[in-house]
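For reference, the structure discussed in these notes is given below.
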Number of protein chains: 4
Amino acid sequence: MAAERTTKGRAPHRRNEEARLAVLHAADDLLVEKGFGGVTVEGIASRAGVAKQTIYRWWPSKVDILLDTLVEDAGRALAPRQTGPAVDAVRRYLRDLARFLTKEPAGRVLLALVGEAQHDAAVAELFRERYLEPQRERERALLVRGIQEGDLPDGLDVDGTWDVLCGPIVFRALTGVQIPKSFVDRLVDGVLGPAKAA
Amino acid sequence: MAAERTTKGRAPHRRNEEARLAVLHAADDLLVEKGFGGVTVEGIASRAGVAKQTIYRWWPSKVDILLDTLVEDAGRALAPRQTGPAVDAVRRYLRDLARFLTKEPAGRVLLALVGEAQHDAAVAELFRERYLEPQRERERALLVRGIQEGDLPDGLDVDGTWDVLCGPIVFRALTGVQIPKSFVDRLVDGVLGPAKAA
Amino acid sequence: MAAERTTKGRAPHRRNEEARLAVLHAADDLLVEKGFGGVTVEGIASRAGVAKQTIYRWWPSKVDILLDTLVEDAGRALAPRQTGPAVDAVRRYLRDLARFLTKEPAGRVLLALVGEAQHDAAVAELFRERYLEPQRERERALLVRGIQEGDLPDGLDVDGTWDVLCGPIVFRALTGVQIPKSFVDRLVDGVLGPAKAA
Amino acid sequence: MAAERTTKGRAPHRRNEEARLAVLHAADDLLVEKGFGGVTVEGIASRAGVAKQTIYRWWPSKVDILLDTLVEDAGRALAPRQTGPAVDAVRRYLRDLARFLTKEPAGRVLLALVGEAQHDAAVAELFRERYLEPQRERERALLVRGIQEGDLPDGLDVDGTWDVLCGPIVFRALTGVQIPKSFVDRLVDGVLGPAKAA
DNA sequence: TTTTAATCGAGACGGTACGTCTCGTCTTAAA
DNA sequence: TTTAAGACGAGACGTACCGTCTCGATTAAAA
C-alpha cells in the first residue's frame, strides 16, 4: 500500500505519520462534506496543513488517498465474523454492509470509488486490487464454511452467490434507496434458503 | 426530454436538429473512447462541429447531454417486451439489460451516470427522474402482469423484487465481471421460481 | 453617409428612419455611459429595440455608426464661421474645438475614434476620409482667407499651421488636461501673431 | 513597475524572469504585427510559451503588459539629454520623440495606449501614472534649465509649453502624417524663439 | 385588391477570447 | 533530505460578443 512504507519493520527513515493521518482525514471529511468533486488535492493539502508536494510524494492521486482510507475503515467495519451458523454470519455481514453503505461516512467513500471506477479504467483496476478482491476473499470464507458444515450445497457457485447477495444491497445504496433489515433478511432467505433450524 | 422542443406541434422558433444529434453522438463517442473524464464540453463542441454556446444554450451540463443519449438509447434497447409468460419476459428483459450494460456503448453511458451520481447529489436526482423512475415504471408492468396472470404471488413486493433482480446484474457490470446467460437464468429461477411448465 | 441609400432614384420605398436614429442615439449613449468597450452591436440593438441584423444591414461595423453620429454632430458644432478678421475666426474655431472635445458628448465620440484609429488601420483610413479630411478642408478656408486679406504671410504652410494649432488642443483633450481659453489664446497669438489691430 | 518584485532584497521566493520577458516581447510583437486587436492574452501566452494563468498572476490586463514594455522602451529611447543649450536639447528631444512615434515599434505601443486610454478611464489613469507624468517630469527639467540659464523667459508656463511642443508631433503621429525635421524645427523656433546665437 | 419584395424583431448558429479554476510538476529556503 | 509555500505549463470551465443565417410578421409598391 502506498501509505504504509512508514514505520514498518526495519528502518523508518523519515515520513511524517501525523501528516499522513491529516491527509487521510482531510480527504474523508471533504468527501462527506462536499462530495467527490469537492475532494481536490489542493483542498486536502490546505485543510491538512500540508504541502501539495507532500501529498504527491506519497500518493499518485486523490483516488489512492481515498482507497487508503477505505481499506483502513472497511477493514474494521466490514470484517466478517465467523460465529454461529454460516447463514447467520452471512446475514450479519450483509446487515453490516447495508449499514456501512448507507450510514457511515466511509460508506460514502466506497460508493464514490465505485463511481469513479466507472469513469476511469485505471481506478477500476486499483479498486479491484485494493478493495474488491481482498474483501471478496474474506467473504468467500463465510460461504465456504457453510459448505463444509453442510448448511450449503456442495456445488455452490461461491462468487456468483456473493454477487447475488451483495448486488441488491449495493444497487440500493447506489440509487439512494433505503435498505431495511427485512430486505436483507428476505434476500438471504431467498438465496441461501430460510434459516435452517425452523 | 430537454432535447425535444424541436419540430413539435407548429413551429416554436427554431432549433437545429442536426446540431442536436451531432452533440449527442459526439458525447457518446467521447465517453466510449476516453471515459467520462474525456467528455468535456469543449471536446464535444469541437468533435460535433458545433459552438460551445450552442451546447450551453440547450443543455445545462454535460451530464444532461449524456442523459439525453441514455434516455434515447435505453428507450429502444431496454423496452420490456410483454409477450409470453411473465417470468420469461422478465428473463428476456434481464438478458437485454446484461447485454446492454456489458456490450453496448450506451451501456457505458448508463454506468458512467450511475458513477457520476455517486459524486454529485444533483446528478443523482436528475438520473433518478430521467432514467431510474421511468425505467422502473416500465419494469413494474412485467411483474404486475405476472401477478394478474397468477404466475407470481399476490403480495409480491414489486420494487424490492426488481432491485433483487437488477442488483446482481448491475453490480457485476459495475465491477467489470462477465454476465453469462446462465447467471441471469439462475438469478431469475432463484427469485421468481423455475420456469413454470417444466 | 452610409445611411442614405434609401429614398434614392425612383422609389423602392423602405428603410426605417426611426430605427436609424434609435441606433445612432443608442451608440452615442453607450459610448458616453460605458466607454468604447461598452459599445457593442448587441448592446446597441437591445437598447435601440432593434434587431442585430437591422444594424448589420445598414452599417458594416460599430465604428461606422459612431462615424455617422460624429459627422452629423461635428458638422454642426465645428462649422468654422467666416466672420470678422481671419485670426479671430481661427481663435473662435479653436475655442469651439476645445469646448467640443472637453464638454460635449459628441467630443467623446471623436476622441474614441481617434483612439480606435490607433488600433485598426481600416478605421484610421475611414476616419481620415469621413472626418479628418472634410474637416481639414473646412479649416483651410479660414487661413486661406487670412492670407488673401493680408493678415497672414503669403507662403504660410496651411496644413502644417493647422496641425500646430489643433495639435496642442487635441493633445490636452486626449490626455485629459483642462483647456482654458487663455491656453487657446496664447496658442493662436504665438502661432499667428497677436491680434492685429490692438 | 509591476514586473520588478523579483530578485529584490533578500528572499524573493520566485518569479520567472524568463517568462516575464517572453510575455513582454510577445505582446510587443503581436501589437506590431497585428495591431492592438491582435494582442490577446491567449495569443501572448501561446507565443510566449507561457500559461495564461502566469500572465494573469502578474498583470491585471494586457494593457498593463504593454505599459511595462512602453515604460522600459521609452525610458531608453525618450531620455532627454541635458547637453548644449537648452533650446537645442529640446529640439533634439522632440526629434527623438518624432522618430520614436513614427519609426520604432515601441512608438506603436505608445500610440496604442493613447488610443486605449480614450476607451477606458482606468487605462487613462494608469497611462497617466505610469507614462505621462514620469515622462513629463523628465521633460520639465529641460525647460527649467533654459529658464535658469536665461535662455527662456522667467514666467514661462512649463507644462503649457510642453503641451504646445508635443501636441503637434503627437497629433501628426496619431493621424498618420509624416513629421519631417523641418516641422519640428519650425515648431521649436515658433514656440521658444529661433536659435539664440544667430 | 391582391401580389410581391424588402424590411423588421427575434434569436440560433459557428466562432474567438475572456478571466477563473484546478491539475500535476517544478523550484526555492528553512529546518 | 524533507518540508511548506507557491510559481509554472496545461487546458477546461461558463460567459460575452462577434458577424451570418434563418424565421414569420409587417408594410407599401406595383400589378
Side-chain angles (χ1 to χ4, degrees), chain A residues 13-16 19 37-43 45-46 48-62, chain B residues 6 10-16 18-20 22 37-46 48-58 60-62, chain C residues 6 10-16 18-20 37-46 48-62, chain D residues 6-7 10-20 22 37-46 48-62:
Chain A
H13 244 331
R14 232 88 17 153
R15 167 116 199 219
N16 189 338
V39 181
T40 66
V41 173
E42 231 137 52
S46 111
V50 138
K52 263 198 326 176
Q53 188 52 43
T54 300
I55 295 180
Y56 282 112
R57 186 155 17 240
W58 300 108
W59 292 275
S61 77
K62 70 181 189 181
Chain B
T6 331
R10 17 168 268 85
H13 231 335
R14 236 120 353 192
R15 167 114 200 218
N16 188 337
E18 208 173 339
R20 185 185 142 259
V39 181
T40 67
V41 173
E42 248 159 31
I44 295 170
S46 111
V50 137
K52 266 201 312 179
Q53 186 53 49
T54 298
I55 296 180
Y56 284 111
R57 184 154 28 231
W58 301 109
S61 77
K62 70 182 190 180
Chain C
T6 335
R10 6 170 275 84
H13 247 322
R14 229 117 343 173
R15 166 116 202 215
N16 188 336
E18 208 173 338
R20 185 184 144 262
V39 182
T40 66
V41 173
E42 233 141 51
I44 295 170
S46 110
V50 137
K52 266 200 319 178
Q53 186 53 45
T54 299
I55 295 180
Y56 283 111
R57 183 153 29 230
W58 302 108
W59 292 275
S61 78
K62 71 181 189 181
Chain D
T6 332
T7 44
R10 28 162 260 84
H13 237 332
R14 238 118 349 196
R15 168 117 201 215
N16 188 337
E17 177 68 5
E18 208 173 339
R20 186 186 141 259
V39 181
T40 65
V41 174
E42 250 159 29
I44 295 171
S46 112
V50 138
K52 269 201 312 178
Q53 186 54 47
T54 298
I55 295 180
Y56 283 111
R57 185 156 24 234
W58 301 109
W59 293 276
S61 77
K62 70 181 189 181

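Each chain gets a letter, A, B and so on, in the order the sequences are listed, and its residues count up from 1.
If you take CD1 of I55(B) and P of dG15(E), they are 12 Å apart, rounded to a whole angstrom. The distance from atom OH of Y56(B) to atom P of dA12(E) is 17 Å, rounded to the nearest whole Å. In this entry the distance linking CH2 of W59(D) with C1' of dA7(F) reads 13 Å, nearest Å.
Residue R15(C) has no polar side-chain atom (N or O) positioned under 4.0 Å from OP1 or OP2 of dC8(E). For dC13(E), the OP1/OP2 oxygens have a side-chain nitrogen or oxygen of R57(B) closer than 4.0 Å.
When the nearest nucleotides of DNA chain E are assigned to V39(A) and A51(C) by heavy-atom distance, the more 5′-ward of the two goes with A51(C). Residue T54(D) is the one, among T54(D) and K62(B), whose nearest nucleotide of DNA chain F lies closer to the 5' end (criterion: closest heavy atom). Remark on DNA chain F: of its neighbouring residues E42(C) and G49(A), the 5'-side contact belongs to G49(A), judged by nearest-heavy-atom nucleotide.
With hydrogens and angles ignored, a donor-acceptor pair under 3.5 angstrom links the side chain of K52(A) to the base of dG24(E). Side-chain atoms of Q53(C) and base atoms of dC21(F) include a donor and an acceptor less than 3.5 Å apart.
The line from CZ of R20(D) to CD1 of I55(D) is 13.5 Å long, rounded to the nearest 0.5 Å.
Taking every side-chain heavy atom of W58(B) into account, dA12(E) is the closest of dA12(E), dT7(E), dA17(E). Minimum atom distance to the side chain of V41(A) is reached by dG24(E), of the listed dG14(E), dG15(E), dG24(E).
Residues satisfying the side-chain hydrogen bond (donor to acceptor under 3.5 Å, both in side chains) test with S61(B), not counting sequence neighbours, are D64(B). Every residue two or more places apart in sequence or in another chain that forms a side-chain hydrogen bond (donor to acceptor under 3.5 Å, both in side chains) with K52(A) is listed here: E42(A).
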Open item on the list: If you apply the rule side chain to side chain contact (heavy atoms under 4.5 Å, CB included), what do you find for Q53(B) with W58(B), and how did you get there?
Closed with: CA-CA 9 Å; Q53(B) 186 53 49; W58(B) 301 109; over 6 Å; no
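Across all strands, G43(C) comes closer than 4.0 Å to no nucleic acid atom at all (heavy-atom distances).
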